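Given the structure is predicted, the values throughout are model-derived calculations rather than measurements. Per chain, numbering begins at 1; letters A, B, ... match sequence-line order.
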There are 2 protein chains.
Amino acid sequence: MGVVRKTKSVMTVLNTFEQTGKAVSAVALVEHLQDSMNKTTVYRILDRLEDQGTLHSFMGKDGLKWYAKCDGCSSTHHIDSHPHFQCRGCGKTECLSMDVTIPPIPKHKVDFAELLLIGLCETCS
Amino acid sequence: MGVVRKTKSVMTVLNTFEQTGKAVSAVALVEHLQDSMNKTTVYRILDRLEDQGTLHSFMGKDGLKWYAKCDGCSSTHHIDSHPHFQCRGCGKTECLSMDVTIPPIPKHKVDFAELLLIGLCETCS
DNA sequence: TTACTTTTGCAATTCAGTTGCATTAAGAAA
DNA sequence: TTTCTTAATGCAACTGAATTGCAAAAGTAA
């Protein structure tokens with residue numbers, strides 16, 4: 001799992017998530033931070049923070065990997081199963097603060113769920 | 001939107017979905033059909049069948065694009081919102097025949113939802 | 001058949017994400 | 001603080017899913 005050191009780069013990444021409060025794609029983050037750190041570093045920090053349980057990730061309809069802050073998760077316990085909304089107009093993606101009830105599936109062990117809602121945000125509709 | 005002609009290649013692709021009855025990743029389909037048609041052709045057929053409403057697609061946790069047959073969808077009306085289960089052991093992905101109730105989101109127009117459940121299938125658990 | 005449009009194959013390209021390796025910086029211990 | 005170990009970083013090269021351009025082939029309607 002590896003210790004996550006609080007380097008400048010790590011703090012910069014975390015600050016970005018604090019500031020936006022929204023989900024951010026890895027690509028967008030690389031672009032946004034291109035002057036302060038390397039692309040590879042961004043990807044590796046995202047990986048580590050996800051392992052640690054600080055962030056969670058999901059695949060957007062656009063094929064990009066998106067990250068958002070976890071609410072009360074750790075590396076062993078992943079309680080975060082809130083839905084995400086992705087606008088098909090502008091691409092903005094946000095976490096929705098509601099819980100998803102995952103139906104039990106016979107003969108399957110469900111670890112966690114990803115609910116992605118596709119539609120139009122207020123600005124785009 | 002473009003007419004979809006029932007060419008040999010199109011029928012071959014459709015037959016694959018009929019036979020497996022499961023979701024198939026584009027990559028797996030390309031691999032499976034490599035002797036009968038070109039990679040590009042597979043991707044384009046999948047695109048067309050999705051436009052037409054015959055197939056629906058979703059992004060797997062693995063970053064691959066998965067396709068499955070739609071039940072009662074057309075190009076204008078997408079009623080398919082059943083969940084998919086992806087095994088983190090073997091990667092197999094299946095459609096689950098249950099409906100997801102999409103909660104209404106204030107100020108957002110939700111077109112459709114993708115619910116991806118991650119866990120272990122019967123064989124892998 | 002003819003005329004027209006869609007579909008296909010192939011090669012080249014794009015681009016998100018990864019890897020290997022040498023260098024740098026955390027941070028614990030002395 | 002200085003030393004020492006290990007994690008983190010930068011850079012360049014690479015991987016692989018998916019896309020694009022274009023000429024050739026195959027559908028389809030008349």
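- Residue A:Thr7 places no side-chain N or O under 4.0 Å from the OP1 or OP2 atom of C:dA26.
- Out of D:dA7, D:dT9, C:dA16, the shortest distance to the side chain of A:Arg44 is found at D:dT9.
- Regarding contacts with the backbone of C:dT8, a side-chain N or O of B:Ser9 is found under 4.0 angstrom from either OP1 or OP2.
- Between B:Thr40 and C:dT8 there is no side-chain N or O to OP1 or OP2 distance below 4.0 Å.
- For A:Lys6 and D:dA8, the NZ to P distance is 13 Å, given to the nearest whole Å.
- A salt bridge is defined here as a Lys NZ or Arg NE, NH1 or NH2 lying under 4.0 Å from an Asp or Glu carboxylate O, and B:Lys69 with B:Glu18 meets this definition.
- Mapping A:Lys39 and B:Leu64 onto DNA chain D by nearest heavy atom places A:Lys39 closer to the 5' end of the strand.
- In terms of position along DNA chain C, the nucleotide closest to B:Thr41 lies nearer the 5' end than the nucleotide closest to the other residue of the pair B:Thr41 and A:Ser25.
- To the nearest 0.5 Å, atom OH of residue A:Tyr67 and atom OG1 of residue A:Thr93 are 14.0 Å apart.
- Taking atom CG of B:Leu33 as the reference point, atom P of C:dG9 lies 11 Å away to the nearest angstrom.
- The side chain of A:Tyr43 places an N or O atom within less than 4.0 Å of a non-bridging phosphate oxygen (OP1 or OP2) of C:dG17.
- When the side-chain nitrogen and oxygen atoms of B:Arg48 are compared with OP1 and OP2 of C:dT7, one or more of them lie within a distance under 4.0 Å.
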### Trace of the side chain to side chain contact (heavy atoms under 4.5 Å, CB included) decision for B:Lys65 with B:Glu50
CA-CA 12 Å; B:Lys65 199 166 186 179; B:Glu50 187 178 16; 4.3 Å; yes
